[in-house]
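One structure is given here, and the rest of the page talks about it.
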Amino acid sequence: MKKLFLFVVLCACSLATFAQPRPVDKAPEPVSTRPAYEARYEGGLFGQSDTEKGSLKFDDINERVVFYRKDGREMFAVPYSALIVIYPDSKVGTSTTGNVVSRLPLPGAGLAGLLSKRTKFLIMQFDDPEVEVKGTANFKFEDKEMLLAFINALGQKAKMKQRGDAYYRARSTAVF
């Protein structure tokens, strides 16, 4: 009886391991054809210290990504070939409303400090060939899906390699 029970358990276990599905291959997402991505420049570029609301656009003819101010003037551009790494980042912080209400002298007002806000950023690391400076530019996005769509489109247009949600330019392997 024990042998029969052991045989049935072994058969059931072997069937369970045999029926596992193969993981689906991840195909690259198509490049977005969106004309502009609303973002806020947070700093990092040489000569551009102020934060500014505007939009990021692709200039495929000149192979660069351009940031335009709200009034439509070009603020700066980064060539695709200068990009080293692009990746998303997020920070969690207490909202302004939560900070103000938590400081009110009311019972339970301290719980308002638990109101948190998640901020999504695009981090672009680049090597500027004109002034021979490496830098990091930060852009704040309102929507995570829009941020990931922009990173995906920029990574593919700049012919960079993907690792997770980030894109990077592989080092050239020179042999001496």
Side-chain angles (χ1 to χ4, degrees), residues 24-103 111-170:
V24 178
D25 294 332
K26 186 177 178 184
E29 297 177 20
V31 176
S32 175
T33 57
R34 187 181 177 101
Y37 294 85
E38 296 300 316
R40 179 179 169 160
Y41 170 69
E42 294 287 319
L45 280 171
F46 181 71
Q48 304 292 337
S49 59
D50 295 336
T51 60
E52 182 90 29
K53 285 187 179 180
S55 59
L56 286 163
K57 295 182 183 180
F58 297 114
D59 182 6
D60 292 331
I61 296 169
N62 297 317
E63 294 185 347
R64 62 188 189 148
V65 61
V66 183
F67 184 76
Y68 290 95
R69 293 183 167 115
K70 275 229 177 225
D71 60 5
R73 293 184 306 153
E74 180 179 320
M75 188 169 172
F76 58 82
V78 178
Y80 293 160
S81 60
L83 294 172
I84 300 171
V85 178
I86 51 175
Y87 59 95
D89 191 17
S90 65
K91 296 190 180 1
V92 178
T94 306
S95 66
T96 306
T97 305
N99 277 330
V100 171
V101 173
S102 69
R103 286 169 174 68
L111 294 176
L114 299 175
L115 294 173
S116 63
K117 181 179 178 184
R118 183 172 297 271
T119 309
K120 290 143 277 311
F121 291 97
L122 162 69
I123 312 295
M124 277 195 316
Q125 293 182 354
F126 59 92
D127 185 5
D128 192 348
E130 290 181 10
V131 291
E132 296 181 8
V133 172
K134 289 186 179 185
T136 303
N138 301 315
F139 298 92
K140 182 178 173 183
F141 278 74
E142 295 297 324
D143 186 21
K144 181 179 180 180
E145 288 78 28
M146 188 172 26
L147 169 65
L148 294 176
F150 179 79
I151 290 174
N152 184 38
L154 180 58
Q156 290 181 14
K157 288 175 185 270
K159 297 178 179 87
M160 299 172 82
K161 292 185 179 182
Q162 185 175 9
R163 182 180 291 168
D165 289 335
Y167 283 84
Y168 68 97
R169 187 165 314 282

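In this text the structure is predicted, and so the values were computed from the model without any measurement.
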Atom CG in Leu83, atom CD in Gln125: separation rounded to 0.5 Å?
10.5 Å
Check whether any side-chain heavy atom of Tyr167 lies under 4.5 Å from a side-chain heavy atom of Gln156, and answer yes or no.
yes
Do any side-chain atoms of residues 71-81 form donor-acceptor pairs under 3.5 angstrom with protein atoms, and if so which ones, sequence neighbours left out?
residue	atom	partner	partner atom	Å
Asp71	OD1	Arg73	N	3.1
Asp71	OD2	Arg73	NE	3.0
Glu74	OE1	Arg64	NH2	3.3
Glu74	OE2	Arg64	NH1	3.4
Tyr80	OH	Asp60	OD1	2.9

Closest non-hydrogen atoms of Pro88 and Leu147, given as atom of the first, atom of the second and distance, are CB-CD2, 3.8 Å
Atom CZ of Phe67 and atom NZ of Lys57: how far apart are they, to the nearest 0.5 Å?
11.0 Å
Nearest 0.5 angstrom please: Lys134 NZ to Asp127 CG, how far?
5.0 Å
Between CG of Asp165 and OH of Tyr87, what distance do you get to the nearest 0.5 Å?
13.0 Å
For a 4.5 angstrom cut-off between non-hydrogen side-chain atoms, does Phe139 reach Phe150?
no
Enumerate the residue pairs fulfilling side-chain hydrogen bond (donor to acceptor under 3.5 Å, both in side chains) with a member in residues 135-150, sequence neighbours excluded, ordered by first and then second residue.
none
Separation between NZ of Lys70 and OG of Ser55, rounded to the nearest 0.5 Å:
9.0 Å
When you compare the side chain of Leu122 with that of Leu56, does any pair of heavy atoms fall below 4.5 Å?
yes
One should read off an interatomic distance between Arg163 CZ and Tyr168 OH, to the nearest 0.5 angstrom, of 4.5 Å
Heavy atoms of Met146 and Tyr37 approach each other most closely as CG-CD2, 3.5 Å
Just wondering, do Phe126 and Ile86 contact through their side chains at under 4.5 Å, heavy atoms?
no
